[in-house]
Amino acid sequence: MVRAVSVVGGSSSLVESKPCAACNLSGVDLISSMGRKHVAAAPSRLDLSTSFLDCSSMRVLSSPPNNLKKQRKKMSTVAVGGLGGQYEDSFEDVKRQTVDYFTYKAVRTVLNQLYEMNPPEYRWFYNYVASNERGYGKTFIRELVKDKLEIAERVMVTRLHLYGRWIKKCDHVEMYERISDQNLELMRERLIETVIWPSDDTNTEVVG
């Protein structure tokens, strides 16, 4: 058997990892991120169903010219749903992705624990995760409960434990400053790329 998962020594079995953009990692992504190459790697899929234009903006194209200014004024006050969603009331999508990501981290942790303590269960769970193409939402846990209740309970307890640890360590001020600093860094890089620097004409000779 190829040793695919990094063994975590000591009392802590938490393996740090970076979240994906949509936090909807498939089983193949999880296994490959732990150092295992999988042959049947299913392509990831990202559905972008939102638009920068709402229904009112589409009606403007067919409206008479006299009403164009009124339509534009009305559009300026309408919150248009972008790729990130609308956040007037809640951050429900962010909450959902946070839960899914802690499920993903819990799966990694349980895999490492089983690798050290229960190799047969590890092999079963490894193959189960490798064939997972549904991501790590509620559906993943629901199906795991049906197939292997003991491991499912372990994943649920582990993700709650990991979230509790993260709550104690999370500094919201630091996160805000990190996002702000990254924004400034990106804008500074873009500014440097677009600046036209003056050429050095000190060594050129004037003819005429």
>> Tell me the closest heavy-atom pair linking Leu191 and Thr194, and the distance in Å.
In response: O-OG1, 3.0 Å

> Do Tyr128 and Phe140 pass the side-chain contact (heavy atoms from CB on, under 4.5 Å) test, and can you show the C-alpha distance, the side-chain angles, and the key distance before you say yes or no?
Replying inline: CA-CA 10 Å; Tyr128 185 88; Phe140 174 80; 3.8 Å; yes

>> If we count only N and O atoms by modelled type, under 3.5 Å, do the side chains of Arg159 and Tyr163 hold a donor and an acceptor together?
In response: no

> Would you call Glu92 and Arg96 a salt bridge, using N to O less than 4.0 angstrom?
Replying inline: no

> If you measure from the Lys or Arg side-chain nitrogens to the Asp or Glu carboxylate oxygens, is any gap between Glu185 and Arg188 under 4.0 Å?
Replying inline: no

> Looking at Val99, Asp100, Thr98, which hits side-chain contact (heavy atoms from CB on, under 4.5 Å) with Phe102?
Replying inline: Thr98

>> I'd like to know if the side chain of Thr158 and the backbone of Arg154 have a donor-acceptor N/O pair within less than 3.5 Å.
In response: yes

> Do Asn127 side-chain atoms and Arg123 backbone N/O form a donor-acceptor pair below 3.5 Å?
Replying inline: yes

> Is the number of heavy atoms from other residues, nucleotides or ligands under 6.0 Å of Met117 CE greater than 12?
Replying inline: yes

> So with a 6.0 Å cut-off around CD of Glu150, is the heavy-atom count from everything else above 12?
Replying inline: no

>> In the structure I gave you, are the side-chain heavy atoms of Val155 and Tyr136 within less than 4.5 Å of one another anywhere?
In response: no

> Salt bridge or not for Arg134 and Glu143, using N-O below 4.0 Å?
Replying inline: no

> Looking only at heavy atoms, which two atoms of Leu111 and Tyr122 are closest? And how far apart?
Replying inline: O-CD1, 3.4 Å

>> More than 12 heavy atoms of other residues, nucleotides or ligands under 6.0 Å from CD of Gln182: yes or no?
In response: no

> Taking the six-membered ring where the residue is Trp, are the ring centres of Tyr101 and Tyr104 under 6.0 Å apart?
Replying inline: yes

>> Any non-hydrogen side-chain atom of Asp147 less than 4.5 Å from a side-chain atom of Trp124?
In response: yes

> Distance-only, no hydrogens or angles: does the Asp181 side chain make a donor-acceptor pair with backbone N or O of Leu184 under 3.5 Å?
Replying inline: no

